[in-house]
Structures are given as structure tokens and as C-alpha cells.
Number of protein chains: 2
Amino acid sequence: MEFNEAKAQFLQTWGALGSQWGINKTMAQIHALLMISPDSLSMEDVMEELQISRGNASMNLRGLIDWGIVYKEYKPGERREYFKADQDVDSLARKIAVERSKREIKPALRVLEGVKNFDETDESPEALKFKMKTQELHDFVNKADTMLEKIVNQKENWITKTIMKLMT
Amino acid sequence: MEFNEAKAQFLQTWGALGSQWGINKTMAQIHALLMISPDSLSMEDVMEELQISRGNASMNLRGLIDWGIVYKEYKPGERREYFKADQDVDSLARKIAVERSKREIKPALRVLEGVKNFDETDESPEALKFKMKTQELHDFVNKADTMLEKIVNQKENWITKTIMKLMT
DNA sequence: TTAAAGTTTCAGTAATTATTGAAACTTATT
DNA sequence: AATAAGTTTCAATAATTACTGAAACTTTAA
């Protein structure tokens with residue numbers, strides 16, 4: 001296997017993994033590309049490598065910057081912007097976890113809170129079961145979220161550290 | 001807020017959460033519906049409640065059974081099949097975690113393994129960086145997967161137990 | 001062995017999500 | 001202040017993914 005083949009397969013796989021985990025394919029691929037590039041890349045470079053349009057590149061680069069995992073870089077004397085991926089895999093994962101908690105888990109928790117005690121007077125079996133189950137789910141999602149926070153808040157190398165703790 | 005409103009909102013939210021986490025909306029909604037139902041439901045019931053077609057109901061119920069989180073039930077004397085959700089939220093999450101690891105993480109790991117040592121002789125800066133980064137990512141994904149396994153293998157109430165351990 | 005009750009499959013269609021490409025906008029340079 | 005280099009936006013379109021509905025299939029029971 002030579003370099004370009006390996007690279008294509010990697011970009012492909014990382015893109016697929018991304019879309020399974022809620023990040024769109026192109027965004028994941030751009031990120032992968034920036035991660036393996038020794039130097040930062042211009043938007044043109046990204047468009048060229050991944051064969052995507054300017055609009056697509058622009059939107060997804062912005063998305064990555066919003067996630068806080070890609071930075072703009074300005075080269076002295078150069079007009080155009082260059083992009084660079086956060087090189088630390090741990091910090092990458094930490095940021096993703098924090099963002100997804102904020103964007104998805106926290107809002108869902110709020111809905112569950114609202115819904116679980118909807119009408120104190122309704123004591124039909126359906127209503128009781130509903131209250132019970134939504135309470136349970138709320139507690140569960142809440143615990144999972146708390147766990148995520150704890151894992152993520154170990155300063156560096158959190159995965160290793162957490163595995164260590166779990167080794168008992 | 002009265003029951004039906006709360007229920008609709010819950011089904012809605014759980015469906016959205018599902019699709020963000022890689023389970024399709026209808027599948028997540030059927031599952032949610034079965035979880036809050038005091039009795040098991042027939043396919044007709046599910047179709048009726050969620051206003052979906054027979055084909056859709058059939059496929060997604062099968063999907064849920066494949067995930068191992070919904071069971072068929074046969075009522076004595078009755079011809080039709082009834083469906084029932086696993087009632088234990090912990091075991092639900094555990095099964096999802098195990099399945100997703102099997103279906104998505106493990107295959108991605110295999111690709112990363114294949115790709116990270118593609119051509120021993122290529123020592124261009126691009127190739128070196130690529131090797132380094134894919135190695136790093138492989139190690140990371142592998143550790144995350146191991147962590148998931150460890151968390152999941154604590155027999156019951158794994159979230160609570162894991163949080164306890166992390167309390168240090 | 002036939003009919004009735006129920007379930008599955010899948011081609012066609014609908015809904016959703018991602019992408020393009022060109023125009024509008026911004027910023028720097030002469 | 002006009003031009004050039006670069007970036008962003010967004011309506012139109014393409015690609016993907018999910019859903020329908022009817023036909024084919026299976027199982028049970030008369």
C-alpha cells in the first residue's frame with residue numbers, strides 16, 4: 001500500500017466514523033486532512049484535496065472552528081487564511097464531548113424535567129408508568145452526563161487516567 | 001400540561017435524541033413508546049400511536065429486536081405478536097454501547113491498523129506525519145473502546161458505580 | 001386445503017440533509 | 001477610489017436516508 005492509497009482510505013474511514021457519530025462526513029474529512037498535514041492548509045488546498053466546492057469548504061471549516069477544534073492561521077506577508085487542526089487528540093475528544101453535552105444532552109434533560117411531572121392529579125396506570133419511566137430516564141441521562149463531565153475534567157490524558165481508575 | 005401533551009413531547013424529544021446518536025428517529029420513538037407502555041403493544045398499536053405505516057413499523061421493530069432491546073411476546077390464545085421493551089435502562093444503555101462498539105468502533109480500528117503502517121520505506125514528511133497521527137488516533141480510539149468495555153462490564157448500575165469510582 | 005389473520009419485503013416516493021456555484025461581501029493593495 | 005484577492009452566503013440541486021403501501025409470504029385453524 002502506498003501513501004496516497006493509505007491516505008484516501010483513512011480520510012474515507014474517518015469521514016464514515018464522523019457521520020455515525022453525528023458530525024457530517026465532509027466536516028470529519030476536512031478535520032482528518034488537517035490533522036495529518038504537516039503544514040496548515042488554505043481553503044484552496046482543502047477544496048483541491050477533497051474535491052469539494054468552495055461553499056462547502058467554507059461552511060465546514062467554520063463549523064470546525066465553532067467546535068473549537070480547528071484554528072485560523074495567518075502567514076506573514078500572505079493574504080489568504082490557513083487552517084490548522086488542534087494537534088492534541090485528547091483535547092479534541094474533550095472538546096467534542098463538552099460540545100455535544102451542551103448541544104444535545106442538556107436540552108434533552110430540560111425537556112425530560114418538564115415532562116416528568118406533568119399533572120400531579122392524573123393517576124391512571126398510563127400516567128403513573130409514564131412518570132416512573134421518564135424519571136428513570138432523566139436520572140440515567142443525568143448520570144451519564146455527569147460521568148462524561150468527570151471523565152473530561154481530568155486535566156490531561158483523561159482516557160488513560162480514567163482507565164487506570166477503573167482498573168481497581 | 002396533560003398526559004397526551006407530555007407524552008407527545010417525550011416521544012418527540014426521545015426521537016430527536018435518538019437520531020443525534022445514530023439511531024433513526026422512528027426506531028427511537030417506537031422504543032420510547034414501548035418503554036412507557038404499561039402493557040406490551042401490537043404492531044397495530046404502534047402504527048396507530050405513531051401514525052406510521054405497517055412497513056415502517058415492521059422494519060423498525062425488527063431493528064429494535066436486532067439491537068436486543070425489544071422482545072416479542074405471545075399472549076395465550078392470541079394470534080398476533082406483542083412487543084415489549086427491555087424495562088431496565090441500565091441494560092438498555094449497556095446493550096447499545098456494546099452493539100455500537102461492535103458495529104462501528106471495531107471496524108474503524110481495523111482500518112486504522114491497516115493504514116498506519118502502509119509503506120515502511122516511505123519517509124517523506126507527509127508520510128511520517130501520517131504514520132504518527134494515525135498511530136495516535138488508533139491508540140486513542142482503542143483506549144476509548146477499552147474504557148467503554150470496562151464501564152459496561154461492571155455488572156449492574158454501572159453508571160452509578162463508575163461515577164463512584166471516579167469520585168476519588 | 002382453503003381461508004383468514006398476521007407479517008415481511010421492497011420498489012417507488014417523500015423528506016431530509018449536504019453540496020454546489022455564483023453573487024454579494026470584505027479587506028488589502030495600487 | 002478602483003481593482004484584485006479572498007471569503008461568505010444562500011437559493012437551487014443533488015445525494016442520502018426514511019417511509020409508504022401493496023403484493024408476497026407465513027402461520028394457524030376450520
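So that the names make sense, note that chain A is the first sequence line, chain B the second, and so on, each numbered from 1.
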What is the distance from CZ of Phe83(B) to C1' of dT8(C), rounded to the nearest Å?
-> 11 Å
Is the distance from OP1 or OP2 of dA5(C) to the nearest side-chain N or O of Arg79(B) less than 4.0 Å?
-> no
Look at the side chain of Arg54(B) against the base of dT8(C) and say whether a donor-acceptor pair falls under 3.5 Å; ignore hydrogens and angles.
-> no
May I ask you to check if Arg103(B) and Trp67(B) form a cation-pi contact, with NZ or CZ under 6.0 angstrom from the six-membered ring centre and within 45° of the axis?
-> yes
Under-4.0 Å side-chain N/O to phosphate OP1/OP2 contact, Thr26(B) with dA18(D) | no
Take the protein atom CG of Asn60(A) and the nucleotide atom P of dC10(D), then report the distance between them rounded to whole Å.
-> 16 Å
With a 4.5 Å limit on heavy-atom distance, are the side chains of Asn117(B) and Glu120(B) in contact?
-> yes
Can you tell me how far P of dT8(C) sits from CG of Leu64(B), to the nearest Å?
-> 13 Å
Co-membership, hydrophobic cluster, residues Leu41(A) and Met43(A), 4.5 Å side-chain = yes
Protein-nucleotide distance (Arg80(B), atom CZ; dA4(C), atom C1'), rounded to Å = 13 Å
Rounded interatomic separation in angstrom, taking CE from Met59(A) and P from dT20(C) = 12 Å
Which is true for Asn56(A) with a 4.0 Å heavy-atom rule: it touches a base, it touches only sugar-phosphate, or it touches nothing?
-> base
For residues Phe118(A) and Phe3(B), establish whether the separation of their ring centroids is below 6.0 Å.
-> yes
Answer with base, sugar-phosphate or nothing: what part of the nucleic acid does Glu81(B) contact at a heavy-atom distance below 4.0 Å?
-> sugar-phosphate
